[in-house]
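The model shown is predicted, which means the values in this text are computed figures rather than measured ones.
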Amino acid sequence: MQKKPQVTSKLKLEAGSATSTVLLLAGLFFFLCLLFTLHRYYSFYASFDQGIFNQVFWNNLHGRFFQSSLSSSLSTNVVHAGEVATVYYHRLGQHFTPALLLWLPIYALFPSPITLTVLQVTLITAAGLVLYVLARQYLKPPLTVMITASFYGANAVIGPTLSNFHDISQIPLFVFTLLLAMEKRWWWLFWLMAVLILAVREDAGVGLFGVGVYMILSKRFPRAGFGVCVLSFGYMLALTNLIMPLFSKDISQRFMLERFGQYADGEEASTLEIIWGMISNPLRLIVELVTPIDRTIKYLLGHWLPLAFVPAVAPGSWMIAGFPLLKLLLGKGESVLSITIRYALTVVPGLFYGSILWWSQHQQKFKPSLRRFWVVCICLSLFFTFTSNPNRTFYFLIPDSVKPWIYVSLPQQWQHVAQMRPLLAQIPSNTSVSATTYLVPHLSSRREILRLPALELRNDAKEVIKVDYAIADLWQLQKYQVAFKSDRRLLKDLVTLIDQLTNNREYGIIGFQDGVILLKKAASSDTQATAAWLKFRQQLQLSKQSAT
């Protein structure tokens, strides 16, 4: 009887030590991710999606909810029908994301693209802390630390955190909170989180459906689990077939076909038609599920590695993560099986919760030898994350191409940025503009903006106009064109466009610095800027001739 206070005291010390370690890990994760993502933004490596979300937030702030000319440029009306982008296009037709309104008060205090960057890192960091509390419901302190360290060291977590802002960054926090509420029987919080998960985007219900399946198969909460399955599946069907088409035809004419067009015939398909296409052709379904075999195996190993491969044998992981994983494996395109892209985050909560459940039944296996192996796995995950250079975050440390050699040093990039900023400053905030990809985020807090080479849009008066300003970072394209065909093609198209616009005097060159050109509609070209442009253009021609 006298040993009980000593045991209790020891457990409290272990728990206190574990909490301190986890807070240190969370602080380190937050600091490093924020440092690298802010550097990525300020050194002009944040790209188009950052601009889209910032413009959506900016329009929300001004009462034009979920409108975006940048999103409009990706719509089926523009991409397939050749129409002009509109400023009043509602992005809800592409992705239904009402949960973003939760963070609008924060954006209202700090209306800037970097606010979204800070928000994303904060959301992922907070998700790790909730995961730690969730793990404590089952595991001893040393194991809870390892689970949390695995989260902060996972390639599937770090990569998407270092990317442009994206709506899926909310998923880990909401799902871990939902699972914690389930463990605590806080049903009011559970159902609130269920609603918020569904509000993240139209396909977030796939992961929630997995939670419902676990609740049923584990026989812990079968009635609530059935309700979750009905709610999530019914919501996704109603949303994608009835509500989103009210805003645009993108879900059926573009996104369903781009991801799951192999299961449909024709130029349009609803989610119901895609599901029927899968069911009615099981052979094709199996082939899509396992191919390409090498990339599928590599993707699974990347997810399992930071958890010492436990999810591979954890039933709970397969029950919950199996459904979002199935959605990715059955899709097509390069991005679905890229572990550093945002979609990987949808698989993460199920893998980690399933691992917690597995360890709760096998805590005796947590021996020093296994612990050392686990640490090695986390270190390997960090190593592979770094060497993959997710979203070009470490461009100044890792070359983008070895053969041919393409590397931009830190001093070189910041010198380029210093010469570029005065040109950006010449563009008034209330004017329309078109810019190359890496300049878009820095100019996206405005109503009228496009990505070059597009110049025309339909304004609020429903008139088709050409933008007031156009700015292009040709230096960046010149650097990368040697190895990347898309950059080479875009550089060629932009040079042709600039020649055309200046020769017919529709636009004038009012600035040129270090390969960055600024044009203004109906303006007279500056003599020095024009001379600098012609010299740069000649260099491009000479380099093209030497390459051939």
Side-chain angles (χ1 to χ4, degrees), residues 22-43 45-54 57 97 99-100 102-103 106 113-132 147-177 200-201 204 207 299 302-303 305-307 324 328 335 338-352 378-398 441:
V22 164
L23 290 175
L24 179 62
L25 290 172
L28 189 62
F29 177 88
F30 179 84
F31 173 76
L32 290 176
C33 286
L34 190 59
L35 175 68
F36 286 121
T37 50
L38 289 179
H39 177 265
R40 181 174 177 268
Y41 174 81
Y42 283 115
S43 62
Y45 270 80
S47 54
F48 194 63
D49 281 1
Q50 186 81 12
I52 287 179
F53 280 101
N54 181 64
F57 270 88
T97 56
L100 294 178
L102 289 171
W103 319 112
I106 298 174
I114 61 171
T115 300
L116 303 184
T117 298
V118 177
L119 174 61
Q120 179 157 285
V121 176
T122 303
L123 287 171
I124 301 298
T125 306
L129 294 175
V130 176
L131 171 64
Y132 167 66
I147 289 286
T148 312
S150 298
F151 177 82
Y152 288 132
N155 199 345
V157 173
I158 299 174
T161 305
L162 296 178
S163 70
N164 301 314
F165 178 83
H166 53 87
D167 37 31
I168 299 177
S169 61
Q170 303 164 99
I171 288 291
L173 177 60
F174 290 169
V175 175
F176 285 145
T177 304
V200 168
R201 51 185 276 156
Y299 187 73
H303 272 295
L305 177 61
L307 285 162
L328 295 176
S335 61
S338 176
I339 202 165
T340 60
I341 292 180
R342 59 188 180 274
Y343 305 116
L345 273 179
T346 61
V347 183
V348 166
L351 295 180
F352 276 80
I378 295 174
C379 291
L380 283 174
S381 179
L382 290 170
F383 173 76
F384 291 139
T385 302
F386 175 72
T387 54
S388 68
N389 191 14
N391 306 290
R392 285 182 173 169
T393 302
F394 308 118
Y395 69 88
F396 55 94
L397 296 172
I398 300 174

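Taking 4.5 Å as the limit, some side-chain heavy atom of I114 sits within range of a side-chain heavy atom of Y42. Considering only heavy atoms from C-beta on, S43 comes within 4.5 Å of Y395 through its side chain.
Partners of F386 by ring pair (Phe, Tyr, Trp, His ring centres under 6.0 Å), not counting sequence neighbours, listed by chain and number: F394. Every residue two or more places apart in sequence or in another chain was checked for a side chain to side chain donor-acceptor pair (under 3.5 Å) with S381, and none qualifies. For F29, the side-chain contact (heavy atoms from CB on, under 4.5 Å) partners two or more places apart in sequence, or in a different chain, are C33, I124, T125, Y152, V157, I158, T161. For the salt bridge (Lys or Arg N to Asp or Glu O under 4.0 Å) test, residues two or more places apart in sequence or in another chain that qualify with R342 are D49.
For the salt bridge (Lys or Arg N to Asp or Glu O under 4.0 Å) condition, no pair includes a residue of residues 121-132, sequence neighbours left out. The salt bridge (Lys or Arg N to Asp or Glu O under 4.0 Å) analysis of residues 383-393, with sequence neighbours excluded, yields the pairs R392-D400.
The nearest pair of heavy atoms linking P113 to N54 is N-OD1, 3.3 Å. Pairing each heavy atom of H303 with each of I339, the nearest pair is N-CD1, 3.5 Å. Pairing each heavy atom of L131 with each of F352, the nearest pair is CD2-CD2, 3.7 Å. Summarising the geometry of L25 relative to A149, their closest heavy-atom pair is CD1-CB, 3.8 Å, with the distance given to 0.1 Å.
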